[in-house]
Amino acid sequence: MEIKTFRELIEWTADLHGQLARCLSHCTTLNKDERARMLLGYLARHETDIEHMVNEFVRQAGTNILETRVYDYLPHESMKFHRPCDEHYASLDFNGIRSEVYDYHDQIIKLYQTLLGKINIPKIKELMEDLLTMEQNEFKRLVHQISRMDDL
């Protein structure tokens, strides 16, 4: 998908979280490790929650902001977020799943940080700062909850 506007960028981000949630959920019953199944279930619910939060940004942002062109701000290297749900998570253990999901979130956060460094329109900068803050806070919550699961 070619992203042309901030609306498309935000919707794309929501789709990424939604796709990950569906893939994790699908693999929950396929993984043989009980701890991994618990983690996959938790992560699927968490990613669905984030998808809804990101979609809320689209509902609340002004049309002028959403329709602003984004392609001048995006990094031009390829972004490798979408991967087919090929039951990949069904074969990973707890630590492998955790590592991949952490990396996934780290990529989104770095993308938003890169964008923020290039944006000079105040309303758009504020929107992206809010999105970045939400992503960072949800990532922190995710890390905290997974650490608690790991302690058990």
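Only a predicted model underlies this, so the values are computations on that prediction, with no experimental measurement involved.
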Practice task
Only counting residues at least two apart or in another chain, list the ones meeting side chain to side chain donor-acceptor pair (under 3.5 Å) with Asp106.
Solution key: Lys110
Problem - Glu135 side chain near Val54 side chain, heavy-atom distance below 4.5 Å - result: yes
Completion exercise
Partner of Arg7 under side chain to side chain contact (heavy atoms under 4.5 Å, CB included), picked from Ile65, Val70, Leu66, is Leu66
Exercise for the section: Assess whether atom NZ of Lys140 is packed by more than 12 heavy atoms of other residues, nucleotides or ligands within 6.0 Å. Expected result: no
Practice task
Would you check, one step at a time, whether the test side-chain contact (heavy atoms from CB on, under 4.5 Å) holds for Glu51 with Leu20?
Solution key: CA-CA 10 Å; Glu51 176 187 21; Leu20 180 59; over 6 Å; no
Problem - Evaluation steps, side-chain contact (heavy atoms from CB on, under 4.5 Å), between Leu115 and Leu9 - result: CA-CA 11 Å; Leu115 283 170; Leu9 173 68; 3.4 Å; yes
Practice task
Examine Leu30 and Leu40 and state if one hydrophobic cluster contains both, with Ile, Leu, Val, Met, Phe, Trp and Tyr joined whenever side-chain heavy atoms are less than 4.5 Å apart.
Solution key: no
Problem - CG-CD distance between Leu131 and Gln136, expressed to the nearest 0.5 angstrom - result: 11.0 Å
Practice task
Taking atom types as modelled, find out whether Thr13 and Tyr112 have a side-chain donor-acceptor pair closer than 3.5 angstrom.
Solution key: yes
Practice task
Could you tell me whether the side chain of Arg22 and the main chain of Gly18 form a donor-acceptor pair under 3.5 Å?
Solution key: yes
Problem - Non-hydrogen side-chain atoms of Ile109 and Leu132 separated by less than 4.5 Å - result: yes
Handout entry: Point-to-point distance, once rounded to the nearest 0.5 Å, from SG of Cys23 to CD of Glu47
Key = 11.0 Å
Fill in the blank from the handout: Between Asn31 and Ser91 the two heavy atoms that sit nearest each other are ND2-N, 4.3 Å
Problem - Glu67 CD to Lys4 NZ distance, which is reported to the nearest 0.5 Å - result: 11.5 Å
Practice task
Check Ile3 against Glu8 and note the closest heavy-atom contact, atom names and distance.
Solution key: C-OE1, 3.6 Å
Exercise for the section: Report the C-alpha distance between Met149 and His144 in whole Å, list the side-chain angles of each, state the deciding distance to 0.1 Å, and finish with yes or no for side-chain contact (heavy atoms from CB on, under 4.5 Å). Expected result: CA-CA 9 Å; Met149 287 176 79; His144 178 73; over 6 Å; no
Exercise for the section: Report the residue from Met128, Glu11, Arg69 that forms a side chain to side chain contact (heavy atoms under 4.5 Å, CB included) with Phe6. Expected result: Met128
Problem - From Leu16 atom CG to His105 atom NE2, the distance as rounded to the nearest 0.5 Å - result: 10.0 Å
Problem - From Glu56, Glu129, Met53, residue fulfilling side chain to side chain contact (heavy atoms under 4.5 Å, CB included) relative to Met134 - result: Met53
Completion exercise
The reported gap from CD in Glu138 to CD1 in Ile50 (rounded to nearest 0.5 angstrom) is 5.0 Å
Handout entry: Nearest heavy-atom neighbours spanning Ala36 and Phe94
Key = CB-N, 4.1 Å
Problem - Listed partners of His46 passing ring-ring contact (aromatic ring centres under 6.0 Å, His included), at least two apart - result: Tyr42
Problem - Heavy-atom pair of closest approach, residues Ser25 and Ala44 - result: N-CB, 3.7 Å
Problem - Reported CG-to-NZ distance for the pair Asn120 and Lys125, which is rounded to 0.5 angstrom - result: 8.0 Å
Exercise for the section: Verify the ring-centre separation between His88 and His26: is it less than 6.0 angstrom? Expected result: no
Practice task
Starting from the C-alpha separation in whole Å, work towards a yes-or-no answer on side-chain contact (heavy atoms from CB on, under 4.5 Å) for Leu43 and Leu142.
Solution key: CA-CA 8 Å; Leu43 290 170; Leu142 184 77; 3.2 Å; yes
Exercise for the section: Look at the rings of Tyr104 and His17 and say which category their plane angle falls in: under 30° parallel, 30 to 60° tilted, over 60° perpendicular. Expected result: perpendicular
Exercise for the section: For Thr28 and Leu24, work out which heavy atoms get closest and say how close. Expected result: OG1-O, 2.8 Å
